[in-house]
Structures are given as structure tokens and as C-alpha cells.
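Worksheet: the structure to be examined is printed underneath.
We use all heavy atoms of the structure for the numbers below, so side chains are in, but hydrogens, waters and symmetry mates are not. Bear in mind that the values here come from a model prediction, so they are computed numbers and not experimental data. Every chain is numbered from 1, with letters handed out A, B, ... down the list of sequences.
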2 protein chains.
Amino acid sequence: MATLKDIARSLDLSITQVSRALNDHSDVSEETRLRVKATARAMNYHPNVSARKLVSGRSGIVGLVVPQHRNIGQDGIFMEVVAGLSSQFSGRGMQFVLHIMAEQEPPLPVYQKLIGTALLDGFVLIDPMDRDPRIDFLRRAGIAFVVHGRSGETIDYPYFDIENEQLAYDLTEHLLARGHRRIAFLNGIAGRSYVSRREAGYLRALRAAGAPHIPELHLNGDMDEAHGLTGTIRLFSGTAPRPTAIVCGNVRLARGAYQALAALGLSVPGDVSVVAHDDELPTLRASAFFPALTVTRAPLRDSWEPLADCLAGAIAGKPLAGLQRLGQYSFIERNSVAPPAAA
Amino acid sequence: MATLKDIARSLDLSITQVSRALNDHSDVSEETRLRVKATARAMNYHPNVSARKLVSGRSGIVGLVVPQHRNIGQDGIFMEVVAGLSSQFSGRGMQFVLHIMAEQEPPLPVYQKLIGTALLDGFVLIDPMDRDPRIDFLRRAGIAFVVHGRSGETIDYPYFDIENEQLAYDLTEHLLARGHRRIAFLNGIAGRSYVSRREAGYLRALRAAGAPHIPELHLNGDMDEAHGLTGTIRLFSGTAPRPTAIVCGNVRLARGAYQALAALGLSVPGDVSVVAHDDELPTLRASAFFPALTVTRAPLRDSWEPLADCLAGAIAGKPLAGLQRLGQYSFIERNSVAPPAAA
DNA sequence: GGACGAACCCGAAACGTTTCGGAAAAGATA
DNA sequence: TATCTTTTCCGAAACGTTTCGGGTTCGTCC
């Protein structure tokens, strides 16, 4: 391994000057800078990360901590996250460390330990809960982080998020505008921050239209096909009034709903209208539904670049203002919505 | 962050002695060792990885480099690898770094660069090709590594592998023993080391039984359901003599084969016998096939522990003999094999 | 009582980098 | 000529750890 010393010796310069040349400091002549960079490349020099971290506090390594979930990797979503973030950071010359916790391990000590070893520059936090304790913890620890989503009262940290409240409002409002009043919502697992935001948007739309809020029509659970199916069956087999439309938290839930409705002998959109939010996960396409699914669309894969940007910015000490970003979503109308059948 | 200096000061000891106490060196009294360890825990001390790496060359970080494959994460297999290795290394107090390369990026410079930054203690190599250049490269670089599989002439490196040659022999031989002569093999992508080993076992079994080798019956390709289906269709629609039995490289291929056979109006095992190797991937169970699938069984998930063991051993400088391990497989006879129908 | 060994301990150097404080040389200003 | 700037450079310290080569006690053995 070539070191600064080797370069310095071969150019008859001091180690200091070589370091400054490589890091584009001001007080090194243009000529020296070029000579240094040329020989560094020639000698195949790569700065020793440990040495750099020791003195400057920067290693260029960021981490993601996730629990070993039972269905981790069942759906391709986690892979999407890992591959997306990893390649984004690689592209910035940074390293991405994945740390998988044991199933029921409490997360805070894990972060504590990782911070203790002074290896990482920062963390990416995904799947924040309402008032997520990790956020307070990392803030207190004084280490950089970025959240995929928002959580808590005071949002004084870097994040990338989409307007979950608004998109749930839009989906619900779209149905209300066509005359639906009994609108079900197949939402995600309660406690997740984005799930609560979406619930809020759903309720706001109902309230604005003066439609009744029927608690039995709001279901929380895994966002997979199985729960879309069982949830829909439940919606139509209970004592509560049957919905005429369903808002689904993602396309997988919608797929389950379609199957359940088919099994129940109900047609889409003739008997029941269905809308969903579409993360554009690779395995399932909303446009390939029959009838094609009306959605709000915000590809998950568009998250990794801003997340990496924000974390890199936070580590570099940039001001917070530029590190809080919102992704756009679009409303795509297809063929899964019609006015409610005359009761 | 508490450092050695803090502990030393609070116990009125030298930094040296504290370091030796924590690392269980010989010349520190039992009493001191306990006192030191107690206060280290109390002060929430974690050794600074960078400092340690700088002087001792050990960071406790290992890496896995994978190309951003088009269907990465489609099947759960990659996630299985990442989660398995990550939790194994976490359990050993080590860190696991995942580095995803761009699709067509040449791998050697990536390893070069990672080695150059002197951060990692070693690598896990998966999916080795025949005569994989990465092995030579890492060997020459003098960095520790472990291979999931074996490749090349001289196997003088740590590995964990299963007897791919023998299991392909066993599967083929099982069919030959029941009278089959025209046996097809749906194998993986050519060039992969384990694919070549299995091909060798298949050919050895044919040769030993004096059965003809019909090149058209040996198919290479992706090991997924789609290729199982199209491959099987091809086997039965060409000009070559039709097989009476199929050996599948994994259960996914077998699933595709079952579907194709059903579509062709052929029954298993009445018209065609099917056997496969079963990695026990989480999504698909060989026992749930109808008829239940006869397999050689070697759960992929049993690989991560020995792989981590071997790499940790290699880093610790243990002798090679204990770092070359073979996994066992078992032969599980179910209902997918019968004698060939009288032609 | 001197030599020896065992048990326990410590100072200092080293790893490769960044950065602080200053210094030399050259040109500009007085 | 003396002083001040600007440009370009350098020595030395620091980060937190491991490890080398010692050192000091204390008891034991001749």
C-alpha cells in the first residue's frame, strides 16, 4: 500500500504538502497539485480510512441498521432499499454498511455500540415510527443521520419524505368526488409514521366531504397480498355497512383486494372501486391490473439519491434547510374507479 | 466516547495495562483484569476501530462485493445471503460491509480500491466462476478471504462448499437405477464453478451406467421458474429424442418443469420423472409439490455460519486445514420418480 | 546475601493521516 | 533599505490503540 510518505519521498515534498495537494487546499501551487495527483494515481494511492477517521473524524462510512424481520427479503422491497442506498453511496466514494440486528434485539444499544466504535459517519433511518426513539437518541449522540420519512413533533433533522397525508387525502377525495361515501382504507401496520400520516389524510378527506368515518372500514396490517385478500373479505363479511370503494396502501394490497372481490363475485369498478398508492416495486405493475389500477405514484427507487445526498450533506455540515427534501407524487387515473352502484 | 486513557486515569493505571487487561493478555493480575473490565463496561467503552486497525491491522470488518444484477432481489436468495452473513458476523462482534458494484463494472479494480483504503480485514466471495480471477487477485494481495464454493486447479484457500459433483451424480444415478436412459439436466448458467461440477457429476453417472450423453438434453440458464418452464418445453419440442426424466439444478427450475409438463399433458412421474437439488430457499418447498419432489437437500442457510467461521479463522491466521469445510447433503426420496414408461 | 525467576507493571514508539502555527522566498510598498 | 503581503511550503502535534523493550517488586534458591 502506497502512503503519503511514499509519495512525499518520491517527489521530494513534505507529507503535509502532499496531503494538502490531494485535498485541494488553497496554499499549494497548481503545478505541485498536478504533480502530486499524477504520482498518487501512478502509485495507486488510496488514503487509509482508519488514519483519516482517527484524526479528522470522517471515515466515509455510513450505516443502516435493520431488524432481522421474519419476512425480510420475501418481498423485494428490502433488497431495493439496500441495493439502492449501497450503490448511491458507492457512487459518492463512500461505503455503506448493513447491520442486521437479531429479531427482538432492542435497537438503541446497537446504535450505541456502533457509534462507540467510532467507525461510522452517520446513519440512514428507515421505517420511522410515530415519535421514534432512535431519532432522539441519534440527535443526542451528535451523529449525522437522515430519516426516510418524518416523525415526532419537531422536525429538526435531515429527511426525505413524500406527502403521505396529502396523497391519502387525494385518493380518498377522488372517490368522494365520484359519489362514494363508505370508503374503506387498507392501511399499513399501526405505529409507523407514514401509516399515521395517511390515516390523517384519509380522515381529513372524509371530514371535508361530510362523509361518515366508520372505524370498521379502516384496517391496519402487513402491506402484502395476503392481508389485502383477508382484509377485503373481512370488509364484506362483517356487520358493518359494506364499503363501495377501497383505498389501498400499496399495489400489493390492491392485488389481494382484487382477488378477494373476484372471489366474492364483485366486479371492479362496477360493484367496488379500488385505488392505491404505487411505490413501483419491481414485481407488480399497477398498469397490468385488470381493470388497470388508479394510483398515486411515487417510485420508492427515487428515494435513495436524495437520502444519500442529505446524509452526505449532513456529514459535511451543510445547513439543515437544504437537507430536508420532499419527493413528488403524481395522480394516475386508470380504470378502477366508477360511481357507486345505486344501492 | 470513553477511551483507554479515561479508564486508565480513573483506575490510576497505565494505558498499556488497561489495553492488556481488556485483551486478556497474560501479564496482568486477575484482580486488575476484573477491575478494568468492570469500569470499561461501566464507562460504556468501545475500542476505536480506526485506531486499532491502524496499529494492529485488524478492524473486524469484512466485505462482500456483488454486481448490481438485473434480477438482484427478485428471488429472495440474495437477501438470504446478505442477511445470513450479516447476522453471523454481527454475532462475532464483526461488521459486515455490503458493496454493490455497477452492472458492468470490472470487479478487480473494486477489490483493489477497497483493499487500498485498508479498512477491511477480508472478503467473502460468492458465486465463483471456473478459474475465477478474483481468487488469484485476493491471494496475491495477501488479504484474507473465504470462497462459497471452489474454483481453479489448486484449492489452497479457505472455502465452504458442498459436493456438487457427487450430488449431481446421485440424482442422475437415482434415475438410471430405475431404468431411465434419456435423462435431461436443467443446469445453471455456464461458467459458474458449481454448475461445471454438477455437469461433471451428471456425465460421470451417465458414463458409469453406459447411458448415452445427448448434448441437447443438457441445458444451461437462469435457475428460475421461467427457465424451468421454457427449458422443459424445449426438451420436448426439439428433434432430439425426448427425455424420460429431468434433473433440475434447484426447486425453482423443478417448479417450472412441473408446469411445462402439465401444459404438455405429461404426468409426473408416470410419463416423466423429475428430481432436483433443494437449497431450501424460503419461498418454495419441495415437499409441497404434487407429486412431492425427490431431492438432494442442502439448505443454503447452513452456509453462513461456516463461511463466517472460516473467514474469521483466516483473519486470525489459523492454519488452512481447519478452514476448508464441506457441507453435508441428504437424499430425500419422495414421489416424483418412477420407472420410464414402456416406449 | 546475592542471583534468579515470576508476576506485574509502565514509557515510548508506531500506524497514516490532517491540521496548527509558523517560516522562507519573492515581490510590492514605503 | 526596511517593512509588509502573498505564495508556497514544512515541522510537529494529535487522534486512540497495540506492542516492544524494558523496569520494579517480591519471594526462592543456592
Requested in this report: Examine D:dC15: is either OP1 or OP2 under 4.0 Å from a nitrogen or oxygen in the side chain of B:Asn48? Give yes or no.
Outcome: no
Report task. Within residues 1-14 of chain B, find the residues that approach DNA chain D with a heavy atom at under 4.0 Å, and present them sorted by residue number. Result -> B:Thr3, B:Leu4
**Report entry** For B:Arg58, side-chain hydrogen bond (donor to acceptor under 3.5 Å, both in side chains) partners two or more places apart
**Finding:** none
Report task. Would you mind listing every salt bridge (Lys or Arg N to Asp or Glu O under 4.0 Å) that reaches into residues 304-323 of chain B, with sequence neighbours excluded? Result -> B:Arg92-B:Asp309, B:Asp309-B:Arg325
Query raised in the report: Which parts of residues 29-45 of chain B get close to DNA chain C, meaning a heavy atom less than 4.0 angstrom away?
Result: B:Ser29, B:Thr32
Polar atom pairs (N or O), protein with nucleotides 12-14 of chain D, under 3.5 Å:
residue : atom : partner : partner atom : Å
D:dA12  : N6   : A:Thr16 : OG1          : 3.2

**Report entry** Sequence neighbours excluded - salt bridge (Lys or Arg N to Asp or Glu O under 4.0 Å) pairs with any residue from residues 10-23 of chain A
**Finding:** A:Arg20-A:Asp27
**Report entry** Distance, rounded to the nearest Å, where B:Leu54 contributes CG and D:dG16 contributes C1'
**Finding:** 9 Å
Report summary line: Rounded to 10°, the helix from C:dG1-D:dC30 to C:dA30-D:dT1 deviates from straight, judged by its five-pair end axes, by 70°
Requested in this report: Check the pair A:Arg134, A:Asp127 against salt bridge (charged side-chain N to carboxylate O under 4.0 Å, His left out), reporting the backbone distance first and the verdict last.
Outcome: CA-CA 11 Å; A:Arg134 298 175 298 170; A:Asp127 267 350; over 6 Å; no
Requested in this report: Return the set of residues passing side-chain hydrogen bond (donor to acceptor under 3.5 Å, both in side chains) with B:Asp302 (not counting sequence neighbours), or none when no residue passes.
Outcome: none
Query raised in the report: Per the atom types in the model, does the base of C:dC8 pair as donor or acceptor with the side chain of B:Asp27 at under 3.5 Å?
Result: no
Query raised in the report: Which residues satisfy the side chain to side chain contact (heavy atoms under 4.5 Å, CB included) test with A:Glu31, sequence neighbours excluded?
Result: A:Ser29, A:Arg35
Query raised in the report: Which word best sums up how the rings of B:Phe123 and B:Tyr111 line up, parallel for under 30°, tilted for 30 to 60°, or perpendicular for over 60°?
Result: perpendicular
Query - Ion pair check, B:Arg131 and B:Asp136, cut-off under 4.0 Å - result: no
Report summary line: Sequence neighbours excluded, the answer for side-chain hydrogen bond (donor to acceptor under 3.5 Å, both in side chains) partners of B:Thr16 is none
Requested in this report: Sequence neighbours left out, what passes side-chain hydrogen bond (donor to acceptor under 3.5 Å, both in side chains) with B:Gln95? Give chain and number order.
Outcome: A:His99
Query raised in the report: Does A:Ser19 have a side-chain nitrogen or oxygen under 4.0 Å from the phosphate oxygens OP1 or OP2 of C:dT18?
Result: yes
Query raised in the report: Pairs in or reaching into residues 41-54 of chain B: which pass salt bridge (Lys or Arg N to Asp or Glu O under 4.0 Å), with residues at least two apart or in two chains?
Result: B:Lys53-B:Asp121
